[in-house]
Amino acid sequence: MSNRGPSYGLTREVQNKIDKKYDPELEERLVEWIIAQCGPGVGQPEPGKTGLQNWLKDGCVLCELINSLYVSNKPIKTIKSSGMAFKQMEQISLFLQAAERYGVTKTDMFQTVDLFESKDLAAVQRTLMALGSLAVTKNDGCYKGDPNWFHKKAQENRRDFTEEQLTEGKNVIGLQMGTNKGASQAGMTGYGRPRQIINQ
């Protein structure tokens with residue numbers, strides 16, 4: 001796990017590509033939000049990828065974050081700081097399960113090793129961004145921080161039409177079906193007739 005040596009060749013190229021996706025400006029915004037959401041008790045990470053990874057690695061800050069998004073009935077009952085690797089990974093996976101129940105889609109989720117072994121911290125950023133967007137969109141009073149930090153997700157805009165409006169709509173020819181304006185068969189000849197060439 002953490003005693004893995006340096007990568008070479010294609011593995012290094014792939015890792016470099018993944019590392020380029022990491023956004024330091026986004027890191028600042030996410031750290032600011034987590035501290036605003038959970039309170040100053042969670043501490044402050046050192047700037048940079050390694051600092052963020054070490055701060056979130058044991059899973060405690062993440063669990064505090066997801067719990068702070070609920071008024072009551074917190075999803076993670078006990079949050080214990082532990083030095084053992086499997087306990088830290090278990091905390092991270094508890095956060096991921098709770099985030100999925102909160103509404104974060106599977107495609108926005110990171111894998112436990114992405115954070116624990118620092119494989120793909122850009123994926124960790126994506127998950128936190130998706131969680132923040134959901135919290136802003138739900139607007140249930142649990143979100144703390146600047147609402148402009150995250151995009152609001154699109155919500156359903158249901159429309160109810162009367163029967164009269166629906167039947168009126170059937171009389172309109174949509175432009176996707178073509179148009180009948182200016183259509184005329186004037187000057188058309190029947191199919192298959194040869195051109196009439198008359199010598200005069």
Side-chain angles (χ1 to χ4, degrees), residues 1-40 42-69 75-76 79 81-82 85-138 142-154:
M1 286 212 264
S2 52
N3 58 357
R4 185 171 287 147
S7 54
Y8 298 100
L10 185 63
T11 312
R12 179 182 281 171
E13 282 178 39
V14 170
Q15 191 59 48
N16 286 344
K17 248 185 192 175
I18 291 169
D19 291 343
K20 280 180 189 161
K21 291 180 183 174
Y22 186 81
D23 185 352
E25 287 176 23
L26 182 58
E27 174 203 312
E28 287 174 30
R29 191 187 336 160
L30 289 171
V31 166
E32 209 174 327
W33 173 55
I34 292 170
I35 293 168
Q37 186 71 39
C38 303
V42 292
Q44 174 101 23
E46 292 174 24
K49 277 172 70 170
T50 315
L52 183 74
Q53 192 237 354
N54 290 335
W55 189 48
L56 300 177
K57 186 178 177 180
D58 66 351
C60 293
V61 174
L62 293 173
C63 291
E64 289 285 350
L65 176 65
I66 195 74
N67 275 353
S68 71
L69 294 172
I76 299 168
I79 302 169
S81 184
S82 172
F86 74 94
K87 282 283 186 193
Q88 292 178 345
M89 290 175 87
E90 186 181 20
Q91 294 265 79
I92 295 169
S93 63
L94 283 173
F95 161 77
L96 291 171
Q97 289 165 11
E100 195 174 342
R101 283 196 302 274
Y102 190 73
V104 178
T105 56
K106 272 222 186 278
T107 51
D108 286 332
M109 299 290 246
F110 66 87
Q111 301 292 311
T112 306
V113 290
D114 291 340
L115 172 59
F116 194 78
E117 295 180 6
S118 193
K119 288 260 186 217
D120 188 0
L121 286 174
V124 176
Q125 286 184 324
R126 268 196 315 277
T127 303
L128 293 173
M129 277 298 289
L131 186 64
S133 295
L134 265 173
V136 168
T137 307
K138 283 191 177 185
C142 293
Y143 176 82
K144 297 179 186 89
D146 187 350
N148 297 324
W149 285 339
F150 301 102
H151 299 292
K152 244 184 170 181
K153 290 195 177 277

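These numbers were taken from a predicted model, which means no experiment stands behind them.
- The closest side-chain heavy-atom distance from Gln88 to Phe116 is below 4.5 Å.
- When all heavy atoms are compared, the tightest approach of Trp149 to Trp33 is CZ3-CA, 3.6 Å.
- Cys60 SG to Leu65 CG: the interatomic distance, rounded to the nearest 0.5 Å, is 12.5 Å.
- Heavy atoms only, all atoms of each residue included: Gln91 and Cys63 are closest at O-SG, 3.5 Å.
- Put simply, the side chain of Glu64 does not reach to within 4.5 Å of the side chain of Ile34, judged on heavy atoms.
- Taking all atoms of both residues into account, the shortest heavy-atom contact from Ile66 to Ala99 is CD1-CA, 3.9 Å.
- For the pair Trp55 and Val42, the tightest heavy-atom approach, listed with the atom from each and the gap, is NE1-O, 2.9 Å.
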- Task: Show the numbers, then the answer: is there a side chain to side chain contact (heavy atoms under 4.5 Å, CB included) between Ile79 and Asn67?
- Result: CA-CA 10 Å; Ile79 302 169; Asn67 275 353; 3.5 Å; yes
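- From Leu69, atom CG reaches atom SG of Cys38 across 8.0 Å, with rounding to the nearest 0.5 Å.
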- Task: Check the pair Ile76, Gln97 against side chain to side chain contact (heavy atoms under 4.5 Å, CB included), reporting the backbone distance first and the verdict last.
- Result: CA-CA 10 Å; Ile76 299 168; Gln97 289 165 11; over 6 Å; no
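- A donor-acceptor pair under 3.5 Å is formed between the side chain of Lys138 and the backbone N or O of Tyr102.
- Between Ala36 and Gly145 the shortest heavy-atom distance is CB-CA, 4.4 Å.
- Of all heavy-atom pairs spanning Asp58 and Ser81, the tightest one is OD2-OG, 3.7 Å.
- In this structure, Lys57 NZ and Leu52 CG are separated by 13.0 Å, a value rounded to the nearest 0.5 Å.
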- Task: Determine, step by step, whether Gln53 and Leu121 satisfy the side chain to side chain contact (heavy atoms under 4.5 Å, CB included) criterion, reporting the C-alpha distance in whole Å, the side-chain angles of both residues, the deciding distance to 0.1 Å, and the verdict.
- Result: CA-CA 8 Å; Gln53 192 237 354; Leu121 286 174; 4.0 Å; yes
Could you tabulate the donor-acceptor pairs under 3.5 Å formed by side-chain atoms of residues 125-137, not counting sequence neighbours?
from   : atom 1 : to     : atom 2 : distance (Å)
Gln125 : OE1    : Asp23  : N      : 3.1
Gln125 : NE2    : Asp23  : O      : 2.8
Thr127 : OG1    : Asp108 : O      : 2.6
Thr127 : OG1    : Phe110 : N      : 3.0
Thr127 : OG1    : Ala123 : O      : 3.1
Ser133 : OG     : Met129 : O      : 3.1
Ser133 : OG     : His151 : O      : 3.2
Thr137 : OG1    : Ser133 : O      : 2.6
Thr137 : OG1    : Lys153 : N      : 2.8

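- The SG atom of Cys142 sits 7.5 Å away from the CD atom of Gln37 when rounded to the nearest 0.5 Å.
- Between Lys87 and Glu90, some side-chain heavy-atom pair lies under the 4.5 Å cut-off.
- Residues Leu115 and Leu62 are in side-chain contact: their nearest non-hydrogen atoms beyond the backbone lie under 4.5 Å apart.
- To the nearest 0.5 Å, atoms CE (Met109) and CG (Asp114) are separated by 12.0 Å.
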